[in-house]
Amino acid sequence: MAPGIVPAGPAVSSEASQSLSSVTSAFDDTLRFYLNGTKVVLDAADPEVTLLEYLRGIGLTGTKLGCAEGGCGACTVVVSQYNPTTKKIYHASVNACLAPLVSVDGKHVITVEGIGNVKSPHPAQERIAKGNGSQCGFCTPGIVMSLYALLRNNESPSEHEVEEAFDGNLCRCTGYRPILDAAQSFSAKSGCGKAATNGGSGCCMEKGANGGGCCKSDGVDGDSQPIKKFTPPGFIEYKPDTELIFPPQLRKHEFKPLAFGTKRKRWYRPVTLQQLLEIKDVYPSAKIIGGSTETQIEIKFKAQHYSASVFVGDIAELRQYSFQDDYLEIGGNVVLTDLEDICREAVEHYGETRGQPFAAILKQIRYFAGRQIRNVGTPAGNLATASPISDLNPVFVASNATLVAKSFKETTEIPMSTFFKGYRATALPPDAIIASLKIPVAKEKGEYMRAYKQAKRKDDDIAIVNAALRISLGEDDVVDNVDLVYGGMAPTTIAAKKAVSFLQGKKFTDLTTLEGVMGALEEDFDLRFGVPGGMATYRKSLALGFFYKFYHEVLAELNAKEAEVDKQAIGEIEREISSGEKDHKAAEAYEQKILGLEKSHVAAMQQCTGQAQYIDDIPVQRNELYGCLVLSTKAHAKLIEVDPEPALDLRGVAAWVDHKDLATPEANWWGAPSCDETFFAIDEVFSAGQPIGMILADSAKQAEQAARAVKVVYEELPAIFTIEEAIEKESYFNHFRYIKTGDTEKAFAEADHVFTGIARMGGQEHFYLETQACLAVPKPENGEMEIFSSTQNPAETQAYVSKVVGVAANKIVARTKRMGGGFGGKETRSIQLAGIVSCAANKVRRPVRCMLNRDEDIMTSGQRHPFLARWKVGVNKDGKLQALDADVFCNGGWSQDLSGAVVERSLSHIDGCYSIPNVHVRGRVAKTNTVSNTAFRGFGGPQGMFIAETYMEEIADHLKIPVETLREINMYNPETNMITHFNQEIKDWYVPLMYKQVQDSSAYAQRRDEITEWNKTHKWNKRGLALIPTKFGISFTALFLNQAGALVHIYHDGSVLVAHGGTEMGQGLHTKMTMVAAEALQVPLSDVFISETATNTVANASSTAASASSDLNGYAIFNACAQLNERLAPFREKLGPNAAMKDLAHAAYFSRVNLSAQGFYKTPDIGYVWGENTGQMFFYFTQGVAAAEVEIDTLTGDWTCRRADIKMDVGRSINPAIDYGQIEGAFVQGQGLFTTEESLWQRSTGGIFTKGPGAYKIPGFRDIPQIFNVSLLKDVTWENLRTIQRSRGIGEPPLFMGSAVFFAIRDALKAARKQFGEEEVLSLRSPATPERIRISCADPILKRAWVEPREGEKSWFVSI
């Protein structure tokens, strides 16, 4: 939910505290609840901890912290409770990061540890683990608990309920498909897909249509009965009767009023309305807490402090509802989940016509936050926070609801139309509470009401604009009264006054009425270009578009003859139940004993049961301190003063650490390859979010409070944000690269056509679920130190830490067991935190821990590079490309980091899959005052290929030929040319084959014809199709990084311990490596173990990146195993070929044979020289092809991916299950890059705005393709592939194929523009957000909503 601005409540004055204590003197001060079946009694609970902090504090670390704002679901637990609204036991999934501890009194808290463990998992845990639904595993416990809550409330949920059960959970690794498949194994298959149980509009049997006939006409009676799904073979059967019971003692639990806390903060928990009103009477400014979904965000991110908080969730009187003759009354504190059910009941009770307001509420709740928020959020909380973009408030206003406010002295009724007074301000008296809402039913005849919402992402997202529109018609369809209420158009929920007064007395069915309202709405919402929140044109077009939809929906219901109903404008895009297929026989031809088989992730079961340990799960060390960074709040400024004294005076604060605390002044400098960045700012800051220092304290909370107290005085300097500004000011890093082949000038002169254009794409936040984290433990001797870091690069961590603390590298051990996701964001940027934490630990000689908050992580850790390319292409009449010339710029941010290598890779991938005889491309890195951008899955490759596919699309439009044909005739081809522009021959080239196979398997040509026809008959909704090939070069472009080491030990008992230089971040590297070792040593997979990655077992390792880790480390392990096999050969001869490793090791040991081996591998043949354009750049290319189909709603910019078909050439797969996981995950991450994920900076502050799941939208469960098919290339030979097992690297290559969704959107937009006569070639910028989709259309509604900037006016946000 959007954080709001709320004035801080005053500390309790002495008079108020006396009267408060007299009112609450009889209150109890003990919390009593059950945790995983065990009774817990807390006499001295800390009033400031959340449920999550409590659970992690007592060692239940399976519940994770991912965002602290209730937006990612990593902290999901189940709270079982007696529900006073429904009078039943309800198992609520809740965000533990938001829930105050007081809220669980009298309830049963169940965490992931409570439902199963590795030895005896719950079926939900087992199926997600075995179904490959866990990669990095950080989000998995939360997902498991969402599924568990669903099953506890409904033991055989419908497919639709399963599909929607995870709307409050995010995952960055899997692409969601395997999680949904595992979860659907619990669903009851319903006979009819249209059945209401499956979320359809209703089966014709249910509707009683066709004279009682069925759409299946001869269907058997039992056809629409739910059929229980069988337990998949090899899985534990789900038996609901074996679940943790609701503790019988809690059924008898007496809810006593509670009062507990400290001088700084007190909690009150009244259990009757009277007690609450007494508290409010003596202390009006006490903070009322319902779900705490807003308040906890204010406390965490806005440093709000509420000294007295009143939890009202357990007051049964506020959670009732009643059906009156002409209105429904709901208690202010009914939770939104119950409100859903109440509204369903109300629609049934009053009938569809009179129940329209409740249908409108129901529609808005469906996409209101996630289930975890809806389980605790309340209408009263929504109203009191008065958010201008609340989804429910417009419905309450438009339905003319009345709010019942109660205080100790009186009860007042406030009409909703007068309730909102200004930004976050309401008419609620200070001593009153919202007791209930009375929502009138609609009239039996002539009244129509609808609600609308548009957000960046369909599920779990705050609205950009929402609306509730209600009209009441009298005789001859003349308007009696009307309410047009909008959110997101002003600082409050607002009525369109001019449009409303225009409509009064008009004949609704007259088309001039529509025209008049549209004109009035333009005046009502005359937004200026620089409006707060930005998107002026889009928001205005939504306000008009919603009314246009509403108008025609009402006309359709009136069956108006005189007015033409625009049926195309009615309704919105609905998703089917998603599904997908994989080819599980792809690797059959080359399966061995272990290699080539589908095996689940080695740690999947630990991850699904919450037993997998991440950095912040490591138990607290003795004497440990917690670090909190003090970050710059200015984009570019001189540091006039940094004064930590006010912070050092606070309770629990131990020290301040800054640039003066490093071993030497030189030790402050870091960065690879050029050392141009400081750990701590010295006298100038170059980016908002640059570290200035670190506060050390006894707890994270104390450190955070103290960090805010450090006084920093700035003198602001001019700042540069965008690539365009950098070009204008010639602000670049000293890094220039070019690739030149052939004669471009001559080719342009001779070409039939020369086209130019601009390709522009934004960056992307890594959004790994586990933020940057580090624990530094100094040892008592020789300056030794142990660093536990969530890093892809332990060797570089070791190198910089040794520099920071001033000892040799051999005294530092860097360790990484696993990361909760990395994606390149922990290749170099993790070193910043490790360096700072180790400097702090060295200063105080105590262990220091720091895990960044999500907002800190996004501010400090860099993103994918935004790119700008100015291209010029020569092409002949036959469509053959002749020449390419391009200037390519990437936004490096304030320091160079890996930006040079990123722009280099973009230049090597700018040909896409196409042979261009004459190429001259140049790359520069723009220097700006934004966060320093860094490696991200694909590392410049996707940006280069995006440029390629952009010019292919635009050229095809210019030439008026299908782009699929243009791609085909220009592909590399053995008959014409197989040499790239950087002079490397492409071998084992299967893109043309897969291009054909994907078209055949997806019925591409047939669907293209169907879509063309569909678009002819649909005015506002358009469909599009795209087919995108990819080739991705595998190798580090820095030659020296292409090496790896491994250490293999065989123990007496025959077990094998493997260590290698690669790190595990969910990509399944350790799984593949154990398989390589097990196959090589001929032992069972269960006998091979990888404990961690550490610098004292394998030295000088390269970072785990460039999709090369399986190739490099796999061969190093194979090399070590070969040495061991050689030493064991005599014993195999003696004991026989089937001798167990235990016996072989035993015999070898007693013969004094070394059972440890160190392996090494370096990639042969490579070594490209820039400038000369000689030498081989990549060892080989991973290839693939993807087709995608989308549907867009051009009135709102809403869209869905209807289908995606992907085929990848991964060579001979080591483990197809892992490879499929990488392909699906990368595709969805790529889809996010090119569609929903937009990073925005605030012009006023120079800081990044999109710094958490509330504002930054990665794809969710309901954003993936509705049909998602993936297969691997088979039945070919890979003659030139000389990798381990002849497999190909797979981590990065599939990511670019997510752009197929972007180009399908562009295809749909072409049809939309053509509909209104716009034939100009479309230059579409990435990402294709709903806003960009809408404003790329050409319809009259958009044209009248268009907002031009006035002179000198700038947008609210900057998109860099």
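Computed from a prediction, not measured in an experiment: that's the story for all the values here.
- More than 12 non-hydrogen atoms from other residues, nucleotides or ligands lie less than 6.0 angstrom from NZ of K1274.
- Aromatic pair H1060/H1070: centroids less than 6.0 angstrom apart.
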### Task
Test salt bridge (Lys or Arg N to Asp or Glu O under 4.0 Å) on D1219 and R1288 and set out the steps.
CA-CA 10 Å; D1219 288 348; R1288 295 193 197 260; over 6 Å; no
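- Checking side-chain atoms of D1143 against main-chain N and O of A1139 turns up no donor-acceptor pair under 3.5 Å.
- Counting only N and O atoms by type, the side chains of R937 and Q1229 include a donor and acceptor under 3.5 Å apart.
- Annotation for F1118 and A1080: closest pair CD1-CB, 4.2 Å, computed over non-hydrogen atoms.
- Under the 3.5 Å distance criterion, with hydrogens and angles disregarded, a donor-acceptor pair is assigned to the side chains of Q1222 and Q135.
- The two atoms that bring I615 and E770 nearest to each other are N-OE2, 3.6 Å, heavy atoms only.
- Remark: the backbone N or O of T61 is paired with a side-chain donor or acceptor of K64 at under 3.5 angstrom.
- Residues F767 and F823 place their aromatic rings such that the two centres sit no closer than 6.0 Å.
- When each of K817, H601, R818 is paired with E1064, the side-chain hydrogen bond (donor to acceptor under 3.5 Å, both in side chains) condition holds for H601 and for no other.
- By the neighbour-count criterion of 12 heavy atoms within 6.0 Å, atom OH of Y1115 is densely surrounded, having more than that number from other residues, nucleotides or ligands.
- Under a 3.5 Å cut-off, the side chain of S1055 and the backbone N or O of Y1051 do not form any donor-acceptor pair.
- No side-chain donor-acceptor contact under 3.5 Å links S134 to the backbone of A604.
- Looking at Y1149 and N1154, their side chains never bring a donor and an acceptor atom within 3.5 Å of each other.
- The backbone N or O of A182 lies less than 3.5 Å from a partner atom in the side chain of S185, making a donor-acceptor pair.
- A heavy-atom distance below 4.5 Å is found between the side chains of I1223 and L1272.
- A pairwise comparison of heavy atoms in G131 and P178 identifies O-CB, 3.3 Å as the closest pair.
- Under 3.5 Å, the side chains of K811 and S802 contain no donor-acceptor pair of N or O atoms.
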### Query
Would Y176 and D181 count as a side chain to side chain donor-acceptor pair (under 3.5 Å) if you check the C-alpha gap in whole Å, the side-chain angles of each, and the deciding distance to 0.1 Å?
CA-CA 9 Å; Y176 301 111; D181 288 338; over 6 Å; no
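- With hydrogens and angles ignored, the 3.5 Å screen pairs no side-chain donor or acceptor of D1209 with any backbone N or O of G1184.
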#### Entry: Y614 vs F138, ring pair (Phe, Tyr, Trp, His ring centres under 6.0 Å): CA-CA, chis, key distance, verdict
CA-CA 8 Å; Y614 299 82; F138 200 81; 5.1 Å; yes
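- Under the 3.5 Å distance criterion, the side-chain polar atoms of Q792 are matched with a main-chain donor or acceptor of G824.
- Between the side chain of N793 and the backbone N or O of E827, at least one donor-acceptor pair lies under 3.5 Å.
- Within a 6.0 Å radius of CG in N1100, other residues, nucleotides and ligands contribute 12 heavy atoms or fewer.
- The side-chain heavy atoms of V112 and T609, taken from C-beta on, include no pair separated by under 4.5 Å.
- No side-chain N or O of T816 forms a donor-acceptor pair with one of T1093 less than 3.5 Å apart.
- Side chains of T1030 and Q1183 form no contact here, defined as non-hydrogen atoms less than 4.5 Å apart.
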### Query
Which is it for T828 and T934 under the side chain to side chain donor-acceptor pair (under 3.5 Å) test, yes or no, and what are the steps along the way?
CA-CA 8 Å; T828 56; T934 187; 3.1 Å; yes
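- The number of heavy-atom neighbours closer than 6.0 Å to NE2 of H1146, taken from other residues, nucleotides and ligands shown, is 12 or below.
- The closest side-chain heavy-atom distance from I1034 to F1179 is not below 4.5 Å.
- Salt bridge E786/R815: present, at least one basic N to carboxylate O contact under 4.0 Å.
- In this structure, the side chains of I812 and E784 stay at 4.5 Å or more apart for every pair of heavy atoms.
- Between the side chain of D988 and the backbone N or O of L1281, at least one donor-acceptor pair lies under 3.5 Å.
- Using modelled atom types and a 3.5 Å distance limit, the side chains of Q1123 and N1119 yield a donor-acceptor pair.
- Counting only heavy atoms from C-beta outward, the side chains of L180 and F1268 never approach each other to under 4.5 Å.
- Aromatic pair F1181/F1178: centroids less than 6.0 angstrom apart.
- Of all heavy-atom pairs spanning T1037 and A901, the tightest one is OG1-CB, 4.5 Å.
- Within 6.0 Å of the CD atom in Q592, the count of heavy atoms belonging to other residues, nucleotides or ligands exceeds 12.
- A distance-only check finds no donor-acceptor pair linking the side chain of R1212 to the backbone of Y590 [under 3.5 Å].
- You'll find the side chain of M851 reaches within 4.5 Å of the side chain of T771, heavy atoms only.
- Evaluated for a side-chain contact (heavy atoms from CB on, under 4.5 Å) with L1273, the options V1185, V1210, L993, D583 yield exactly one hit, L993.
- The heavy-atom pair separating S789 from A834 by the smallest distance is OG-CB, 4.4 Å.
- Looking at C139 and C171, their side chains come closer than 4.5 Å, going by heavy atoms from C-beta outward.
- In this pair, H766 and Y768 present their aromatic rings parallel. The plane angle is below 30°, not in the 30 to 60° band.
- Side-chain contact check for E1292 and S1107: at least one donor-acceptor pair (N or O, by modelled atom type) lies under 3.5 Å.
- Rounding to the nearest 0.5 Å places CE of M1075 at 8.0 Å from CD1 of I1218.
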